[in-house]
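Would you mind keeping the following structure in view while I ask a few things?
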Amino acid sequence: MPRRSGLALPRLCWTTMPTHPSLNFLASSPTAASPSSAPWLGKKVPEYGTAIVSLDDPLLAQMNNAKSMGIKKWGMEVLHDPWYTKGTAFTAAERDRLGLRGLLPPRVVPFEKQVERIMNEYEEGFPEQRKHESPEIITKSGVTPEMIRKFDVLQALQNRNETLFYRVLLDNFKQMVPIIYTPTVGWACQHYAEIFRRPKGMYFSAQDRGEMAAMCANWPAEEVDAIVVTDGSRILGLGDLGVSGMGISVGKLNCYVVAAGFHPHRVLPVCLDVGTNNEKFLKDPMYLGLQHKRLEGEDYLNIVDEFLAAVTARWPGVLVQFEDFSHRNALSLLERYRRHRLVFNDDVQGTAATVLAGVYGALAVQHRPASDITKLRFCCAGAGSAGTGVITLIHRAMVKHGLSEEDAWHNFWVCDVGGLITRARAPEPGVVRLGFARPEEELEGLALDEAVRRARPSVLLGLSGIGQLFTAELMRHVAESASAAGFRPLIFPLSNPTSNSETTPQQAQEATGGQAIVATGSPFPDVEFEGRPCKSNQGNNVYIFPGLALGAVLSKTPIVTDSMIFAASEALAAMIPQEALERGQCFPDLEDPRAISARVALAVIVQAAAEGLAQGPVLDALDSGKDALMGHIARSMYYPEYVHFYKLP
């Protein structure tokens, strides 16, 4: 085909023929063909992922008129070049030939669907669409049209200038963390296919079995320090979002960069696409992932095994954070790898460390020592991965402060969707029963409100994912029990996003006469009760996971131990200044996230050294004292600023 007049196409070669060998039959005129001379009829054409069923098939004409070109660019260079890129429309064969495999969501989206998606947004943007929803829906979700607008602004900035993006976030972290992280990131995951612009991170799918090690070479970074990986099966309490869960991996690693100083070129967001059980996505033509039911059992584990083997071979020493896996997989995968790979699960361990720090902080607000945790009785709604992790770590704290294992377990009453958990209940297959199962088997399945009456707890934890679960009567019972024991009631509705919060700070204060110390999972404004200000704390995992990861990477520990998680929690609780405690804060202020992450990292490194697991320069710094080690940590942090460039030969 002749080159178009006035269009310069350097390094390109136009042809009328597709280049994949399986399409060589098009060299002869298909219109002259007959069924007997067209053995390719009914066979799948790899380039297009479908079969030509007849000589009248419209796809045949499309292929016959297809244009192709040779280019010298590779991988990310292709995706980031506006002239060459097709985004999700690159075929499977093109992805293999151009080093794009793993750099795009697995599903090939036709050109026409891309046009349709853009036109939908052109007609009405997402902030405007949000305005049409009922005020009740917006209030429950916590994501307003204005927050969506701000999210769009920041995403556009990240796509064109990452240095400026991270500097803006660093200078305004407390204000912007609800935009780049929960709750807005939950909305972004729900609308991932619609807002997809520029690919970030890597996608390893069930179609990539046996190829993952080779795929890692397509990622341009020679060194990667940290990976956040999700399989999209339980995103922020929103359920199975499949490949759309990539948004949470991206959001977490933005926090790694801003809060802990990881270099943005040395972190990698990942989504494992093993299918989805979300019926909406299975039928949605715009969905970007594999449209089949989730793999389970050995098939699932083999994919995770291959992924971990591939990334640790490509980047030895890389830390892998598991994020938003389903309850059963979260716990089983953590147990499968934690003793021989550098991994941790933020939902299990990060949430636990954050909540324990909040409990310590709440005791400090009441001028109580940390050892008084042994005098608290807990009722927990939710026994998933987060609930199990929280209960286990608080139990460990009680044992540290003097209780026996059995006496510490006696302080917990745990309910899930089936009611109170007792020893009468058979454990789920593959899940180890923990000690919190009550010995009173006759109480099996007791409803939450009745369990609260019997337990008389001073602390009510919400990790159920059920919005408005805590009634006013329920919280009044907790307040009465806490008061009788000499404590203020601790009401911690920790489920995300905002729509799943078990109660609100305003409701908690009204139910407890303004006595509650409240910590939520999603952000809420401070409230008033009878003219008195009441602090609304947020138990945000961002207090823990960036510093925990930084300490693990800098210490070069081969594993993350329970003692390191515990040390991170205690370090966080110790950061709250006295004036903040007087205001009812049970967490430190987030104005300077790097100061928090540095102190958490320090505690993790010191603990790693105590366990004989730390290696390298941190040991020399530690030998010179903790101040020297803190200086080493600070110097390791990436700071977003412009540098002077020059051209290499």
Side-chain angles (χ1 to χ4, degrees), residues 130 134-148 150-151 172-187 236-238 251 255 351 354-355 357-359 361-362 365 381-382 386 390 459-472 474-475 478-479 488-544 576 580-581 583-591 593:
R130 191 66 164 176
S134 71
E136 182 182 3
I137 291 176
I138 293 174
T139 301
K140 281 185 176 180
S141 71
V143 181
T144 65
E146 180 63 9
M147 294 171 75
I148 295 172
K150 291 177 178 178
F151 177 85
N172 303 276
F173 186 71
K174 185 177 180 180
Q175 173 188 347
M176 292 182 172
V177 71
I179 307 300
I180 65 165
Y181 190 40
T182 183
T184 311
V185 71
W187 174 90
L236 291 173
L238 296 170
C255 293
T351 300
T354 303
V355 175
V359 173
V365 168
V390 167
V459 184
L460 184 60
L461 301 177
L463 294 141
S464 67
I466 302 175
Q468 293 296 300
L469 179 64
F470 295 166
T471 64
L474 193 72
M475 292 185 281
V478 176
R488 291 173 60 182
L490 274 58
I491 309 293
F492 283 22
L494 297 164
S495 293
N496 284 315
T498 310
S499 56
N500 288 350
S501 184
E502 288 80 5
T503 190
T504 68
Q506 185 69 56
Q507 292 168 332
Q509 298 301 347
E510 290 172 356
T512 62
Q515 290 301 302
I517 299 175
V518 180
T520 59
S522 289
F524 284 89
D526 293 340
V527 300
E528 287 189 357
F529 179 79
E530 296 182 350
R532 180 170 56 85
C534 300
K535 185 67 182 175
S536 298
N537 297 281
Q538 185 188 4
N540 195 327
N541 288 16
V542 78
Y543 283 116
I544 289 290
I576 313 170
L581 292 172
R583 294 193 298 268
Q585 279 186 226
C586 56
F587 292 100
D589 203 302
L590 265 178
E591 290 290 352

Qualifying salt bridge (Lys or Arg N to Asp or Glu O under 4.0 Å) pairs, either residue in residues 518-533, two or more places apart: D526-K535
N500 side chain vs G467 backbone, donor-acceptor pair below 3.5 Å: no
Contact summary for V177 and K174, nearest pair of heavy atoms: CG1-O, 3.7 Å
Flag side-chain contact, heavy atom, 4.5 Å: S522 against S501: no
L460 vs P489 side-chain heavy atoms within contact, under 4.5 Å: no
Contact summary for P178 and T184, nearest pair of heavy atoms: O-OG1, 2.7 Å
Parallel, tilted or perpendicular: rings of W187 and F151 (30°, 60°): perpendicular
Shortest non-hydrogen separation from F587 to G358 and the atoms involved: CZ-CA, 3.4 Å
All side-chain contact (heavy atoms from CB on, under 4.5 Å) counterparts of S464, not counting sequence neighbours: A381, I466, L469, S495, E502
Residue pair P183 / P523, side-chain heavy-atom distance below 4.5 Å: yes
Reported CG-to-CD1 distance for the pair N172 and I179, which is rounded to 0.5 angstrom: 11.5 Å
Minimum side-chain heavy-atom gap T354-N540 below 4.5 Å: no
Student check: side-chain heavy atoms of V542 and F173 closer than 4.5 Å: yes
Those residues that, when tested against V365, pass side-chain contact (heavy atoms from CB on, under 4.5 Å) (two or more places apart): R488, I517, L581
Residues that T504 engages under side chain to side chain donor-acceptor pair (under 3.5 Å), provided they are two or more places apart: Q507
ring-ring contact (aromatic ring centres under 6.0 Å, His included) partners of F470, counting only residues at least two apart: none
Inter-residue atom distance L590.CG - Q538.CD, 0.5 Å rounding: 7.5 Å
Name of the residue among L474, L461, T503, T520 meeting side chain to side chain contact (heavy atoms under 4.5 Å, CB included) with I491: T503
Closest heavy-atom pair and its distance - A508, V518: CB-CG2, 3.8 Å
CD-SG distance between Q506 and C534, expressed to the nearest 0.5 angstrom: 8.0 Å
Interatomic distance, M147 atom CE to M176 atom CE [nearest 0.5 angstrom]: 12.5 Å
Test side-chain contact (heavy atoms from CB on, under 4.5 Å) applied to L494 - qualifying residues, sequence neighbours left out: V355, L463, F492
